[in-house]
There are 4 protein chains.
Amino acid sequence: MTDNDTVPTSKPTSKKTELLATAARVFAEHGYRATTVRRIADEAGMLAGSLYYHFDSKESMLDEILSAFLDELWTGYDAVLAAGLGSRETVEALVAESFREIDRHRDAVAVYQKEWRHLVGLPRFGYLAASQRKFEQAWLGTLQRGAAEGVFRADLDPRLAYRFLRDTVWVAASWYRPDGEHGPEEIARQYLSMVLDGLAAQP
Amino acid sequence: MTDNDTVPTSKPTSKKTELLATAARVFAEHGYRATTVRRIADEAGMLAGSLYYHFDSKESMLDEILSAFLDELWTGYDAVLAAGLGSRETVEALVAESFREIDRHRDAVAVYQKEWRHLVGLPRFGYLAASQRKFEQAWLGTLQRGAAEGVFRADLDPRLAYRFLRDTVWVAASWYRPDGEHGPEEIARQYLSMVLDGLAAQP
Amino acid sequence: MTDNDTVPTSKPTSKKTELLATAARVFAEHGYRATTVRRIADEAGMLAGSLYYHFDSKESMLDEILSAFLDELWTGYDAVLAAGLGSRETVEALVAESFREIDRHRDAVAVYQKEWRHLVGLPRFGYLAASQRKFEQAWLGTLQRGAAEGVFRADLDPRLAYRFLRDTVWVAASWYRPDGEHGPEEIARQYLSMVLDGLAAQP
Amino acid sequence: MTDNDTVPTSKPTSKKTELLATAARVFAEHGYRATTVRRIADEAGMLAGSLYYHFDSKESMLDEILSAFLDELWTGYDAVLAAGLGSRETVEALVAESFREIDRHRDAVAVYQKEWRHLVGLPRFGYLAASQRKFEQAWLGTLQRGAAEGVFRADLDPRLAYRFLRDTVWVAASWYRPDGEHGPEEIARQYLSMVLDGLAAQP
DNA sequence: TATGAATGAGCGTTCATTCAT
DNA sequence: TATGAATGAACGCTCATTCAT
C-alpha cells in the first residue's frame, strides 16, 4: 500500500480550477486585453509557458470562466423559473439569485460585464448570445406577466423597465464587496425595495 | 451668387475635433487597449504616423476625449446645482442633464464607463478622481437633503441609493441610441418615473 | 574515447555574455543610436524580440556593457593605486593597465568614448560621473605628487597635462588592434616613452 | 526714402550660413544621428519643413559643415607646408594652425571627430578619405624628415608617433573652450612643450 | 508538469522628407 | 520663403504562443 492509494481529503479544487480563479481575478482587475498571460502565471507561481499545459490559449481561459459562471447562473435561474411563483415573487427570487451569483462569481461577473460586447460576435462565444436571449425572455416575460396581472405598473415601456432592472442589478458587481452588514441577501432586499417602490417618499 | 460666396455657417469643426470624435467612436466600440492607433488612422483616412502631428500620444487622445466630456458635464451640473431648486427637482434636473450628456457624448461616456477604473490611478488622469468626488458630493448631498425634508425615503442606506441612481442612469449609455420616439428628455422622464416611484403598481 | 567525453574546459560564457559581446561590437562599429536592436539580433542569429528575454531594453545592454568594463578597469586601477609605488611608477603602471583594458574591452572602450557625454546626465548612468571623478583624482593626484617630488615637470598646467595624458591613452582604442608585433605591453611602453620623454631628440 | 533702401551693413552672413552654424552646434552637442531636423529648425526659429527650402537633406547640411571646415583647414595647412620651414618648425606651425582651426570651427571639428568613421565609406563623403590621406602624408612626412635630420627621435615607430600626435591635438576639441588665459596660441604652446619634451622632469 | 528560450506578428511612436498653399 | 499637414519606413518593444528538454 502506497501513498498513491490514498484519496485526497482536501476538497479537490484541481490545479486548473485554481488557475481559472487566478485568471478571473486578474481579468476582472485589469481587463482581459490588458492582462498578460505572464501576469496570470506570475500570480500562480509559474512561468507563462507552463500555463499552456493546462489551457489551449488565453481565450480558452476566458471561455471556461464565463461558461462556468453561466452554467451556475442558469442552474439557479431555472430553479426559480420552474417553481411556479407569482410574478412579483419571481422577480424577487431572480434578483436574490442574481446577487447570490455576484457574490460567488464576482470576478467572472465583472469580466462578463466588461467583455461580452466584444465577445458576443465570436463563434466560440456564441453561447453568450443564446444566454442573453434566454435571459431577456425570462425577465421580460415575468415583467409583462406582472403588468398584465396588475402587479407591476402598466404605463412603462416594458423593454425600458427590463433594461433598468437588468443593469441596476448587475452593475452592482463592479463595486459590491460583501462585508458584515451587507451580505448578498441584504443587498438584494434593499435593491428590491428601491426598484419596486422607488426612492420617493410615499405621500 | 454661388455657394462659394457664403461663409461656412456650420461650426468649423477642426480636424483635431474630427479626429477626437473618430477616436472616441473606436475606443467606445472596441475598448481603449484593443484599439490600435492604426485603426483610428484608417477610419480617419490617414496613416498612423500622421496622427502624431495632432496628438502627442494615444493616451493624450483619450485624455482630451474624457476631459472635454467632463468639462461639458460640469457646466451642466453646476448650472443645475446653482439654481436653488428643491431636492426632488434637483434630482430630476440632474438626471435630465445626464441623459442630455449621454446623448451628446455617447462615445465619451461609454469610454469613461469602461476605462475609468484603470485610469483613475494615473497622475495624468487625476482629474477623474476629483470629478468623482465632486459628483458624489452633489448627488449624495441632494439625496440626503431630500431624505431629511421627507421628499425621499429615509429608510434606505443613502450610499446604496446613490450608487443605485448613479449606475442606473449612466449604464444606459451602453445601449441608448436616440431615435424618433425616445429622445433624451423622454428617456429621462421614464427613468425618473421608475427610479422615484418604482416598478410596482400602486396599491 | 571521443571529444564528447571531455568536459568543456573553456569557461562556459553564458548566452547573455555572448549577446553583450555582440552588442558591444555593433555599438562600437556603428554607434549606439545608429544600431538597431534588429541588427544586434541578426548578428546573434535570433529575432529582435528574442533579445528581450535576456535584456530589459537596448539601454540596459549598453548599461551592462559599460558597467562591466568599468568594474574591471577599477579592479586593475585600484590594485595599482594600492601598491604604494612612486609617482612615475604609478603612471607607468596605470598606462600599462589602461592598454591592457583597451585590449580586453576594446568595443566597450570605444562605446564609452563615443557615448559617455550623452549618457552622463541620465540617472541610470550616474556611475559614469562617479567613475570620472575618481579617475581624475587618481591621475591628477599622481601627476601633482610627481611634480612636487621633482619627478614630473612643474612648469605645466596640471589639468592640461592630465587631459593630455588621459586622451592620449584612451583615444588609442579607436584604432588599436592587437597584432603580432604590437601587444598591449609594447604599445604601452612606446606610449610611455613618448609621453614622458617627448618626441624631440635629446640634445 | 524708405528702410528698404538701406544696404545691410552687418556682415552678410547669409541665412544659410546661420542655419549651418546652428546645425553644427546641435550636431556637436547631441551627435548627428540623435539630432532631429525638427530640433535644428526649432533652434533656428522655423519649422522642420522649411529647412528644405535651404537644404536638400539633413545629410547635405552635414556635408556642407564638414567640407567648409576642411577647406579652411587646408588653406592653413597648405600655407604652412609651402613655407619651406624646418621639420620642427613645421610641426610647431601645424599644431598651432590646428588649434586655431579648433578655435574657429569647434562644432565642426567635434562633429568630424564623432562621425568620420561612419561617413568615410559613403560616396558622398569620399573627400574625407582624400583629406585623411593628404593629412597623413603631411604629418608623417614631416616627422620622418625630422627623424632623418636628427630633430626628432629615431627610435619610435613613426606611425605610432603620428597617431599619438594627431589624436592628442584633435581630441582637445572635445573639451577645449577658449577663455581669458588659454587662447588657442597658449594651448598650442603648452601642447607642443608636452609633446616634444615630455612630461618627465629633465635630469 | 514545468522550464527556458525562442518566435513572429503587431504595437505605439519617431522622423526625414514632401508638397500644396 | 515659410507653413501646415501628411507620408512611409523604420524603430524599440510586447506578448501570446510553441517546443525541446
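By convention in this document, chain letters (A, B, ...) are assigned in the order of the sequence lines, proteins followed by strands, and residues within each chain are numbered from 1.
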After noting the C-alpha distance and the side-chain angles of D/Tyr127 and D/Asp71, does the key distance pass the side chain to side chain donor-acceptor pair (under 3.5 Å) rule? CA-CA 11 Å; D/Tyr127 61 87; D/Asp71 283 351; over 6 Å; no
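- Across the strands present, F/dC19 finds its partner in E/dG4; the criterion is a Watson-Crick or G-U wobble pair with both atom distances under 3.5 angstrom.
- To the nearest 0.5 angstrom, A/Trp116 atom CH2 is 7.5 Å from B/Ser174 atom OG.
- Protein chain D contacts DNA chain E from E/dC15 to E/dT18, reading 5' to 3' and using non-hydrogen atoms of the protein with a distance under 4.0 Å.
- Atom C1' of nucleotide F/dA16 and atom CZ of B/Arg33 are separated by 14 Å, given to the nearest angstrom.
- Residues from residues 49-65 of chain A that place a heavy atom under 4.0 Å from any atom of DNA chain F, listed by number: A/Gly49, A/Tyr52, A/Ser57, A/Lys58.
- Counting non-hydrogen atoms of neighbouring residues, nucleotides and ligands closer than 6.0 angstrom, the CZ atom of C/Arg124 exceeds 12 such neighbours.
- The residue among B/Arg38 and C/Ala48 whose nearest nucleotide of DNA chain E lies closer to the 5′ end is C/Ala48.
- Between the CD atom in D/Glu29 and the NE2 atom in C/His118 there is a gap of 8.5 Å [rounded to 0.5 Å].
- Between atom CG of residue B/Leu128 and atom CD of residue B/Glu115 there is a gap of 11.0 Å, rounded to the nearest 0.5 Å.
- Between B/Tyr32 and B/Phe27, the angle of the ring planes goes over 60°, which puts this pair in the perpendicular group of the 30/60° scheme.
- Remark: A/Leu51 CG to A/Ser57 OG distance equals 11.0 Å, nearest 0.5 Å.
- Atom CG of A/Leu66 sits about 6.5 Å away from atom CG of A/Leu70, to the nearest 0.5 Å.
- Applying a 4.0 Å cut-off to non-hydrogen atoms, none of the residues of residues 112-120 of chain A approaches DNA chain F.
- When the P atom of F/dC15 is taken as reference, atom CG of C/Leu47 falls 18 Å away, rounded to whole Å.
- Few gaps surround CZ on D/Arg106; more than 12 heavy atoms of other groups in view lie less than 6.0 Å from it.
- In the displayed structure, A/Arg25 atom CZ is contacted under 6.0 Å by more than 12 heavy atoms of other residues, nucleotides or ligands.
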